[in-house]
Structure formats: C-alpha cells, structure tokens
Amino acid sequence: MNCWIFAHNPFEYWMEGFKERFDAWHDGGVRGLVVGRMQFDGAACWTPDPRVYERFGESPPDAPAVDAEKERLFHAMLDDAAGRGWPVFIFGAGTSKGSLQDLANAFPQVSGFIIDGPGENHYELEFHHGGELLEVRPGEEARFNEVGADLDRVHRGIASMRRRLHELTPDRVRYMAPAGTLAGLALFDIDEDTLHWLRARRQSSRLSWAHARDNIDAVDRKVELGGIPRTAAFSSLTGQDYQQMASYFDIVFPKHYYWHRGFDGLYGTVARWVQRLCRWNPSLSESDAFLVVRSLFGIDLPRVDDLLDMELGFPQEFFDELVFAESERALAAVGDPDKVIFWVSTGRSPHAGDSMGARDLHGILAASERAGARRFLFHPDPEMGAPEWRVISNMCGRLWQEDPSSVFWPGDSARGDAYSGGRKPAEED
C-alpha cells in the first residue's frame with residue numbers, strides 16, 4: 001500500500017520545514033497530500049477573484065485578510081508536493097461552481113477536491129454531534145421537497161420508527177433479531193411510511209452527489225472529485241450507497257473510524273445506540289441491545305457482550321473480522337481498488353474520541369491490505385507520533401529509524417535526546 005497524508009490547518013505548522021518533512025514522508029511511502037480547510041491562522045490562503053463568481057452568477061466571498069509571505073510559502077510547499085508526483089487534493093473547499101473554479105485557478109498544483117460526508121443523513125439514535133436520527137433537522141425539509149418526498153409521510157415514518165424502538169422486549173428481540181432481513185422488518189414493524197422516509201433519505205443523498213458532480217465538471221480544467229462516507233456498515237442508514245457513489249465520485253474515501261466516544265467512531269456510535277435502546281426499553285439487557293444493533297447494521301463486535309467490554313480495547317478479532325469485512329465490502333461495492341482510499345484516523349483531534357494506539361493503527365492497515373486495499377490516507381491528530389510513523393513507513397516504504405540526530409522527527413513524539421539538559425554524549429569508539 002501507499003499512503004496519503006492529510007495536512008490540515010493551521011498550515012503554519014506544516015509549512016515550517018516542509019522540504020525535510022516531505023523527504024522523510026516520501027522515503028516512508030507517502031504518495032499523496034490533502035490540505036484543508038483553506039485558511040491560515042488569522043488569514044485566508046488565497047485572495048478570491050470576484051470575476052470568477054460573477055461568471056457563475058454567485059456572490060463572491062468578502063475580501064479576506066491576506067499574508068503574502070505565508071501565501072508564498074504555502075505555494076512553495078504545494079509545488080514541492082506536486083513536483084514529487086503526489087496528487088494534491090483540497091478538503092472542505094465548498095462545492096459551488098465559483099468556489100471550485102476560483103481555487104482551481106489559484107492553486108494550479110491541485111488535482112482534486114474532497115467533500116466530507118457528501119449527502120450524509122444523520123445516523124445517531126442519541127442526540128449527538130448536532131442531531132439525531134429520528135428528526136427532520138433544520139434545512140432537511142428543502143432536501144426532501146427537492147426529491148419529491150411527501151413530508152407528512154416522512155414525519156409519520158419517523159414517528160412510527162420511534163414508537164417501535166420504544167416497544168422492544170427481550171423475547172421478541174432474541175426471537176427476531178438474529179433471523180435476517182424479513183424478521184428484522186417484523187421486529188421494527190417497518191411500514192410504508194417508514195420506507196418512504198428511508199427512501200427519501202437515500203434519494204436526497206444521491207441528488208446532492210449529482211449537484212457536486214455537475215459543479216466539479218464545470219471547472220475549466222480536469223480536477224477529480226472525492227467523497228468521504230461513513231464506513232460501509234452505516235451506509236444504508238446514512239444514504240451513502242457505495243455502489244451508487246462510484247458513478248459520481250472519482251475517489252471514495254471510506255472512513256476507517258473505530259474509536260470509542262467522541263464523534264464518528266464506530267465503537268462510540270454503537271455504544272450510544274445501546275445506551276439509548278436500554279433507556280427506552282428498561283427490560284432489555286445490554287446484550288439484547290447489541291442484538292438489535294447487529295440486526296440493523298450487521299455489526300457484530302468480537303468479544304463484546306456489554307458496554308464494559310468496550311472499555312478493554314480492541315481484540316485482534318476486531319481487525320481480522322470486522323475491519324477486514326468493512327474494507328472488503330467497500331472495495332467490492334466500488335468495484336475498482338484504484339478508486340478507493342481508506343481515510344484512517346485514530347480518534348483524538350478533531351473527533352474527541354479515545355485515542356487508538358499504534359497496534360490498533362497496524363490492525364486497521366493490515367486488515368485493509370489483506371482485503372485488497374492499495375491506498376489509505378492517514379489523518380494525524382494533530383500530528384503523528386513516532387510509533388505511528390514507524391508502522392506506516394514499515395508498511396509503505398523504508399522503515400523510519402529512530403535516530404535523534406535525523407533531520408525529520410515525528411512532531412507528536414519528543415526526540416530521544418530531549419531529556420538530557422542539552423548535554424551531548426561522548427564520541428563513540
């Protein structure tokens with residue numbers, strides 16, 4: 001496999017010493033760079049061109065504060081990356097025709113743009129990260145209207161699903177939950193209104209992808225479109241059908257997000273579903289609630305029978321079975337391994353999750369590779385440490401040697417000579 005790196009803002013950190021950092025990254029197998037969001041600390045990364053927005057009938061953004069020296073250095077960094085043959089993509093750039101064309105003009109080094117969570121519908125049963133599953137969030141009515149959904153049926157469908165999720169009993173869960181799709185329809189009493197709501201969510205997702213594709217194709221030079229959906233197990237609920245996404249996006253970046261707590265991590269999402277199901281249905285055990293989650297999403301967490309088990313770290317079976325299956329499903333759905341780059345993060349900033357260590361990172365990458373992955377993107381949080389870089393460089397390129405005298409040192413780990421008060425060792429014989 002080869003690796004892409006997400007160098008997120010503030011960019012001042014990444015610009016300092018970028019040449020030495022990129023030399024080390026290239027040696028360790030890095031072959032792509034994603035930058036975003038497009039802002040320095042207190043200044044914009046570029047000066048928007050009002051004429052571009054006017055051409056597309058859009059209002060240009062307000063004139064930003066600029067820092068000419070930072071802009072020069074940022075361009076030098078992107079020139080260096082592109083000069084190595086690395087694709088350079090922009091994350092979180094906006095999706096209007098004017099903003100995409102403006103950035104394509106301002107940054108000729110850039111070969112593509114990435115949308116985070118394109119068309120994503122909410123997936124948390126608990127109110128979390130600004131919303132919950134069983135509601136029409138502000139602004140969503142317009143999305144449903146655009147696909148011709150009946151809003152009265154949408155609200156009835158939500159109410160029906162909410163009611164049924166309050167009426168679960170241990171005997172019915174244990175009878176229906178393990179028995180497949182048809183039993184699941186009976187367990188949740190999925191009616192026509194609920195199906196109408198779920199179908200409208202999928203349709204609104206697809207329509208948003210069509211808009212994004214139309215806007216990217218309006219740019220007057222070839223640029224690629226990437227999208228970052230949640231992992232395959234949740235895609236039926238978020239509306240992000242990977243097979244359909246593949247016809248709109250040049251690259252699909254499935255989120256390999258597995259941490260506990262915070263937001264967006266698979267362990268954390270499952271735990272919140274279990275907690276709320278148990279609150280709504282006091283007769284259910286936590287084991288029963290895990291059965292419900294398995295029936296809905298197909299997620300079976302190895303060696304997890306209750307919530308306390310989730311505090312004990314990830315067993316090897318989690319990577320060998322679940323991460324492998326999620327990787328294999330994504331690759332099969334998209335149909336072309338060159339169109340899939342798994343977006344890998346280990347939980348801290350900006351997701352506020354429990355940190356996952358180097359062993360967990362290795363488990364994710366090894367399972368992905370065994371499933372057939374050729375590329376992944378690593379999202380440092382905020383910078384990778386020595387253990388992470390050792391794992392990545394060993395899998396993708398030349399193993400980085402932990403030498404305190406080396407020019408490059410992973411920023412989240414102190415150098416080995418940092419504790420000696422400035423003293424240096426005597427010359428070795």
Side-chain angles (χ1 to χ4, degrees), residues 95 115-168 176-177 179-214 225 227-249 252 254-255 269-270 273 276-277 292-299 326 329-330 332-335:
T95 58
I115 305 171
D116 187 18
E120 181 176 281
N121 293 283
H122 211 65
Y123 48 82
E124 293 274 0
L125 189 62
E126 188 80 71
F127 182 86
H128 187 74
H129 199 203
E132 61 177 291
L133 169 66
L134 299 172
E135 66 169 346
V136 176
R137 288 185 290 175
E140 284 188 329
E141 288 193 348
R143 290 177 59 190
F144 288 142
N145 282 328
E146 196 173 7
V147 298
D150 182 330
L151 284 171
D152 287 337
R153 292 192 69 186
V154 166
H155 286 291
R156 289 199 303 268
I158 292 172
S160 175
M161 189 67 170
R162 180 182 291 276
R163 182 171 58 254
R164 194 57 180 165
L165 289 175
H166 281 77
E167 298 172 348
L168 300 172
M176 292 287 191
T181 301
L182 294 178
L185 290 172
L187 173 64
F188 303 109
D189 195 21
I190 301 294
D191 60 17
E192 289 79 3
D193 291 333
T194 303
L195 289 173
H196 182 79
W197 165 55
L198 294 172
R199 187 176 296 111
R201 286 160 59 91
R202 294 196 302 272
Q203 291 170 333
S204 69
S205 295
R206 191 166 183 175
L207 186 61
S208 76
W209 305 337
H211 290 329
R213 184 74 255 175
D214 181 57
L225 178 64
I228 317 175
R230 284 218 74 181
T231 192
F234 291 125
S235 61
S236 296
L237 190 61
T238 62
Q240 296 165 316
D241 185 316
Y242 283 22
Q243 285 186 310
Q244 294 179 349
M245 284 189 76
S247 64
Y248 295 95
F249 292 84
V252 178
K255 292 180 179 178
T269 296
V270 170
W273 269 80
R276 174 156 277 199
L277 288 171
V292 175
V293 170
R294 181 179 179 183
S295 178
L296 279 167
F297 304 121
I299 295 172
E326 289 296 280
R329 287 181 64 195
V334 174

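Residues: numbered from 1 along the sequence shown.
The side chain to side chain contact (heavy atoms under 4.5 Å, CB included) check on A149 picks up F144, V147, V154, H196, A200, with sequence neighbours excluded. R206 pairs by the salt bridge (charged side-chain N to carboxylate O under 4.0 Å, His left out) definition with nothing, not counting sequence neighbours. Under the side chain to side chain donor-acceptor pair (under 3.5 Å) criterion, S208 pairs with no residue at all, not counting sequence neighbours. Under the side chain to side chain contact (heavy atoms under 4.5 Å, CB included) criterion, A186 pairs with R172, M176, sequence neighbours left out. In this structure, the side chain to side chain donor-acceptor pair (under 3.5 Å) partners of D193, at least two apart in sequence or on a different chain, are R153, R156. A search for side chain to side chain donor-acceptor pair (under 3.5 Å) contacts involving H155 returns nothing, not counting sequence neighbours. S160 is linked by a side chain to side chain donor-acceptor pair (under 3.5 Å) to D191, counting only residues two or more places apart in sequence or in another chain. Residues forming a salt bridge (charged side-chain N to carboxylate O under 4.0 Å, His left out) with E167 (at least two apart in sequence, or on another chain): R164. For N121, the side chain to side chain contact (heavy atoms under 4.5 Å, CB included) partners are E140, R143, R201, S204, S205, not counting sequence neighbours. Here D150 pairs with nothing under the salt bridge (charged side-chain N to carboxylate O under 4.0 Å, His left out) rule; sequence neighbours left out. Partners of D214 by salt bridge (charged side-chain N to carboxylate O under 4.0 Å, His left out), not counting sequence neighbours, listed by chain and number: K97.
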- Query: Going through the checks in order, is the side chain to side chain contact (heavy atoms under 4.5 Å, CB included) test met by E124 and L133?
  - Reply: CA-CA 5 Å; E124 293 274 0; L133 169 66; over 6 Å; no
- Message: Show, in sequence, the C-alpha distance, side-chain angles and deciding distance for K255 and I228, and conclude whether the side chain to side chain contact (heavy atoms under 4.5 Å, CB included) test is met.
- Response: CA-CA 6 Å; K255 292 180 179 178; I228 317 175; 3.4 Å; yes
- Task: Would you check, one step at a time, whether the test side chain to side chain contact (heavy atoms under 4.5 Å, CB included) holds for Y242 with R329?
- Result: CA-CA 9 Å; Y242 283 22; R329 287 181 64 195; over 6 Å; no
- For side chain to side chain contact (heavy atoms under 4.5 Å, CB included), just list the numbers for L207 and E146, CA-CA rounded to whole Å, side-chain angles, deciding distance to a tenth of an Å, and then say yes or no. CA-CA 8 Å; L207 186 61; E146 196 173 7; 3.2 Å; yes
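Remark: side-chain polar atoms of R162 are paired, donor with acceptor, to backbone N or O of L134 under 3.5 angstrom. In this structure a side-chain-to-backbone donor-acceptor pair under 3.5 Å is present from E135 to E132.
Looking at every heavy atom in both residues, F188 comes nearest to S295 through CE1-OG, 3.9 Å. Across A212 and I115, no two heavy atoms sit closer than the pair CB-CD1, 3.6 Å. Heavy-atom minimum distance, H122 versus H128: NE2-O, 3.1 Å. In plain terms, the two heavy atoms of T194 and I190 that are nearest each other are CG2-CD1, 4.1 Å. Residue P118 comes nearest to W209 through the heavy atom pair O-NE1, 3.1 Å, listed as atom of the first residue, atom of the second, then distance.
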Can you give me every donor-acceptor pair (side chain of residues 229-238, partner residue at least two apart or in another chain, under 3.5 Å) with its distance?
| unit_1 | atom_1 | unit_2 | atom_2 | d |
| --- | --- | --- | --- | --- |
| R230 | NH1 | T269 | OG1 | 3.2 |
| R230 | NH2 | D264 | O | 2.3 |
| T231 | OG1 | E326 | OE1 | 2.7 |
| S235 | OG | A232 | O | 2.7 |
| T238 | OG1 | F234 | O | 3.4 |
| T238 | OG1 | S235 | O | 3.3 |
| T238 | OG1 | Q240 | N | 3.4 |
| T238 | OG1 | Q240 | OE1 | 2.9 |

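Counted within 6.0 Å of CD on E192, heavy atoms from surrounding residues, nucleotides or ligands total 12 or fewer; the atom is thus considered open.
Separating the CG atom in L125 from the CH2 atom in W273 is a distance of 4.5 Å, to the nearest 0.5 Å. Atoms CG and CG, on L277 and L168 in that order, are 6.5 Å from each other to the nearest 0.5 Å. Distance check: R202 CZ to D241 CG gives 8.5 Å after rounding to the nearest 0.5 Å.
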